[in-house]
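Note that this is a predicted model, so its numbers are computed, not measured. Both backbone and side-chain heavy atoms feed into the values below; hydrogens, waters and symmetry mates do not. Numbering of ligands and ligand atoms starts at 1, following listing order.
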Amino acid sequence: MRRLFPMLLCSLSIFAQTPEAGTLPDRWPTGGPNCMEMQEYYIHEYNPNFYILRQSGCTDYEKPFLYLIFGSDRALLWDTGSRNSRVREAVDRLMDRWLKANKRTGIPLVVVHSHKHGDHIAGDAQFADRPDTTLVKPDLASVTAFFGFQNWPEQNATLDLGGRALDLVPIPGHTDDSFALYDRRTAVLLTGDTVYPGRLYVNAPEFETFRKSIHRLAAFIDGKPVAQVLGNHIEQTRTPFVDYPTGTKYQPEEHELALGASHIFELDRVLQGMTTPAVVKLRDLTISVRTPQPRRPQ
Ligand SMILES: [Zn+2]
């Protein structure tokens with residue numbers, strides 16, 4: 001009996017670490033091909049406290065993904081979408097449904113951004129006057145102040161939504177304010193535009209910053225459960241090494257949204273082996289280094 005006890009404790013701790021399950025669709029609507037539908041957002045319940053919203057390609061070819069995560073004290077919205085969408089309406093409808101299902105009358109909302117690019121912040125103005133809502137401005141100073149990042153980008157921060165701890169991992173490179181979010185409850189890692197099945201854009205002068213960020217992200221997930229790595233876009237097709245051209249709205253044969261920890265380890269390994277910034281196509285994503293063009297003299 002005495003010998004069994006430690007074994008029991010051990011199996012209990014493994015059970016406690018098992019991530020809360022969720023499901024993803026085999027395919028996402030992208031909007032189209034003729035864009036006669038009215039829907040601006042497609043909503044998927046990953047599980048009853050974790051939702052994924054995808055903006056229709058009929059409103060904007062970027063068709064980004066947004067995420068809404070509920071804790072017991074507050075909800076967190078990751079990004080506000082690209083142009084031409086009534087994102088507030090979609091989020092409000094979804095939150096009303098959650099409140100009803102949980103027999104509650106209200107829950108505070110925190111709006112944060114994976115990074116500051118226009119295709120992820122376009123809906124911010126719609127949340128400016130929303131009651132019980134904190135909108136964290138999409139700039140590095142506001143992000144570090146809100147989350148209490150010390151020594152960005154070397155140290156992570158945590159945010160508790162109420163029985164739901166999130167780890168925030170700085171990953172500058174795509175932009176100076178990019179960070180990843182790891183939800184300990186589901187073991188889902190949100191990676192914004194830094195890692196997704198598509199073109200990972202990084203300007204050549206930021207390449208070293210990007211490389212270090214991926215290395216830090218790989219170190220962070222090493223040894224942790226990772227159920228899904230979910231980014232902000234899909235640009236890859238289901239055919240290895242082939243992506244859709246920029247601006248494609250209708251993508252019936254697009255790659256699945258989820259990547260896994262192995263993609264981050266692969267990306268890290270490839271980046272560590274590169275001596276100069278370059279475009280590198282991998283099976284499920286492309287390192288898309290861009291060289292900013294010098295301005296012509298006036
Ligand atoms: Zn983007």
Side-chain angles (χ1 to χ4, degrees), residues 28-31 40-42 44 52-68 76-85 87 90-91 111-127 135-140 142-143 168-181 188-204 206-207 209-210 213-214 217 228-237 243-251 254-259 263-264 267 279 281-282 284-290 292:
W28 292 86
T30 56
E40 293 183 1
Y41 278 92
Y42 306 103
H44 176 77
I52 307 174
L53 299 87
R54 188 191 203 174
Q55 188 173 338
S56 166
C58 296
T59 63
D60 184 64
Y61 76 86
E62 295 281 8
K63 39 190 180 318
F65 290 87
L66 288 63
Y67 300 88
L68 182 63
L76 179 137
L77 177 65
W78 174 263
D79 290 348
T80 61
S82 196
R83 59 199 164 169
N84 305 327
S85 83
V87 61
V91 170
V111 181
V112 302
H113 308 86
S114 57
H115 66 293
K116 61 188 178 189
H117 281 162
D119 53 328
H120 307 282
I121 66 166
D124 277 17
Q126 298 173 39
F127 291 89
L135 177 72
V136 181
K137 280 192 195 158
D139 60 69
L140 183 56
S142 303
V143 168
L168 299 321
V169 183
I171 45 170
H174 179 69
T175 60
D176 66 345
D177 64 338
S178 297
F179 63 95
L181 181 156
V188 168
L189 180 70
L190 302 185
T191 46
D193 276 14
T194 300
V195 183
Y196 67 91
R199 298 176 288 275
L200 314 183
Y201 290 112
V202 55
N203 288 330
E206 308 306 325
F207 181 74
T209 307
F210 179 76
S213 289
I214 297 299
L217 189 60
Q228 321 278 357
V229 174
L230 304 179
N232 280 353
H233 301 278
I234 301 173
E235 291 155 359
Q236 211 71 15
T237 70
D243 55 2
Y244 282 102
T246 303
T248 306
K249 292 180 174 180
Y250 179 53
Q251 300 183 167
E254 69 180 10
H255 193 284
E256 61 184 316
L257 169 64
L259 297 176
H263 288 93
I264 293 175
L267 186 57
V279 174
K281 269 186 180 283
L282 304 179
D284 297 319
L285 51 85
T286 301
I287 303 165
S288 292
V289 177
R290 292 195 283 204

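The Zn ion (ligand 1) has an N, O or S atom of Asp193 under 2.8 Å away, backbone or side chain.
Rounded to the nearest 10 degrees, the angle NE2 (His233) to the Zn ion (ligand 1) to OD2 (Asp119) equals 90°.
Relative orientation of the His115 and His174 rings is perpendicular, given thresholds of 30° and 60° on the angle between their planes.
Under the 3.5 Å distance criterion, with hydrogens and angles disregarded, no donor-acceptor pair is assigned to the side chains of Tyr196 and Gln236. Judged by distance alone, the side chains of His263 and Asp284 do bring a donor and an acceptor atom under 3.5 Å apart.
The minimum distance between the Zn ion (ligand 1) and any N, O or S atom of His120 involves atom NE2.
In Lys116, the NZ atom is crowded: over 12 heavy atoms of neighbouring residues, nucleotides or ligands sit closer than 6.0 Å.
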